[in-house]
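Since the structure comes first, as structure tokens, the remarks are kept for the end.
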Amino acid sequence: MTLKNIITHPLAVMISFMIVLISGEHIGGFYIIYLLMGVTHGTIHSLLGMAGIALLVPGLLITQRKQASSIYLLNIIGAICMLFSLFLFFFNDEQRYNVSTFYQFIPFSTVILFCLLSLIFLTGNIRTLLRPGLIKK
């Protein structure tokens, strides 16, 4: 596999999303732990994050992705859900409990890694979706 295929693979985006390190005042951890804890309470960031992961799964299961335009649409919506999930997690925190994530190098670098991978993934899927001849009339 080439580097482009690895970076634009849905699994790379999902893994980078789940291993984002969150640094709280007392305790931190991977973002997937915060998602799982929030799902039981129905928090919006958890529901969006889990929906984003679930929307990327069909891209993993279908072997011939190049012929299904709906897979690219699901990938785009899933990546946007994951980005909004992370955005809402940090900006709905009124006590700024997790703001130290942005001041420490390793947690901040995992956030940057996820953002870069998801933006590359988004642009690749949008370019493929808009390519002439993919959607048949």
Side-chain angles (χ1 to χ4, degrees):
M1 286 183 101
T2 64
L3 183 62
K4 179 185 174 274
N5 289 342
I6 293 172
I7 289 175
T8 59
H9 199 274
L11 192 59
V13 177
M14 284 193 292
I15 290 173
S16 68
F17 178 67
M18 290 187 259
I19 65 165
V20 167
L21 286 173
I22 305 298
S23 178
E25 287 181 13
H26 303 291
I27 189 169
F30 294 110
Y31 189 55
I32 188 69
I33 296 169
Y34 288 88
L35 288 178
L36 293 173
M37 286 191 297
V39 165
T40 59
H41 299 289
T43 57
I44 189 70
H45 71 87
S46 295
L47 297 175
L48 276 174
M50 291 303 208
I53 292 170
L55 288 172
L56 290 183
V57 169
L60 295 173
L61 299 178
I62 295 177
T63 56
Q64 296 189 354
R65 295 185 309 169
K66 297 187 186 325
Q67 297 173 352
S69 61
S70 60
I71 295 299
Y72 294 109
L73 190 59
L74 288 175
N75 284 344
I76 292 167
I77 295 170
I80 289 172
C81 283
M82 289 191 292
L83 284 168
F84 277 142
S85 169
L86 206 58
F87 177 79
L88 290 174
F89 176 76
F90 286 114
F91 292 105
N92 280 345
D93 183 20
E94 295 169 356
Q95 288 88 20
R96 301 288 179 230
Y97 183 78
N98 301 314
V99 77
S100 61
T101 301
F102 297 108
Y103 298 120
Q104 297 173 354
F105 176 73
I106 293 179
F108 186 64
S109 63
T110 59
V111 172
I112 294 296
L113 176 70
F114 166 69
C115 289
L116 286 175
L117 283 177
S118 62
L119 289 176
I120 292 168
F121 182 73
L122 272 173
T123 55
N125 280 293
I126 291 171
R127 286 183 62 204
T128 306
L129 188 63
L130 296 177
R131 186 177 55 213
L134 182 67
I135 302 173
K136 297 176 180 149
K137 295 181 181 181

Checklist line | Those residues that, when tested against F114, pass ring-ring contact (aromatic ring centres under 6.0 Å, His included) (two or more places apart) | finding: F17
Note to self: Listing request: all side-chain hydrogen bond (donor to acceptor under 3.5 Å, both in side chains) pairs with a residue in residues 82-91, at least two apart in sequence or in separate chains.
What the structure shows: Y31-S85
Item checked: Side chain T43, main chain G38, donor-acceptor under 3.5 Å -> yes
Note to self: Between L56 and F121, does the side-chain contact (heavy atoms from CB on, under 4.5 Å) criterion hold? Intermediate values first, please.
What the structure shows: CA-CA 11 Å; L56 290 183; F121 182 73; 3.7 Å; yes
Next item on the list: State which residues pass side chain to side chain contact (heavy atoms under 4.5 Å, CB included) with L11; sequence neighbours excluded, sorted by chain then number.
Entry: H9, M14, I15, L60
Check: To the nearest 0.5 Å, what is the distance between CG (L83) and CG (L48)?
Finding: 11.0 Å
Note to self: Once rounded to the nearest 0.5 Å, what's the spacing between atom CD1 of I112 and atom CZ of F105?
What the structure shows: 10.5 Å
Margin query: Is there a path of hydrophobic side-chain contacts, each under 4.5 Å between heavy atoms of I/L/V/M/F/W/Y residues, joining L55 to L47?
Written below: no
Note to self: Applying side chain to side chain contact (heavy atoms under 4.5 Å, CB included), can you list everything that pairs with F87, at least two apart in sequence or on another chain?
What the structure shows: F91
Item checked: Worked verdict on H45 versus L35 for side-chain contact (heavy atoms from CB on, under 4.5 Å) -> CA-CA 7 Å; H45 71 87; L35 288 178; 4.2 Å; yes
Checklist line | Closest non-hydrogen atom pair, L21 against P107 | finding: O-CB, 3.5 Å
Checklist line | Contact check, side chains of V13 and M82, non-hydrogen atoms, under 4.5 Å | finding: yes
Item checked: Closest contact, heavy atoms only, S46 versus Y34 -> OG-O, 3.7 Å
Note to self: Just verifying a value: how many Å separate I77 CD1 and N125 CG, rounded to the nearest 0.5 Å?
What the structure shows: 11.0 Å
Checklist line | CE-CD1 distance between M37 and I32, expressed to the nearest 0.5 angstrom | finding: 11.0 Å
Checklist line | Listed once per pair and sorted, the side-chain hydrogen bond (donor to acceptor under 3.5 Å, both in side chains) pairs that draw on residues 102-114, sequence neighbours left out | finding: S23-Q104
Check: For the atom pair SG (C115) and CD1 (I120), what is the distance rounded to the nearest 0.5 Å?
Finding: 11.5 Å
Check: Which heavy atom of C81 sits nearest a heavy atom of G52, and at what distance?
Finding: CB-CA, 3.8 Å
Next item on the list: Not counting sequence neighbours, which residues clear ring-ring contact (aromatic ring centres under 6.0 Å, His included) with F84? List them please.
Entry: none
Notebook entry, point to check: In Å and rounded to the nearest 0.5 Å, what is the OG to CG distance from S118 to L113?
Noted result: 9.5 Å
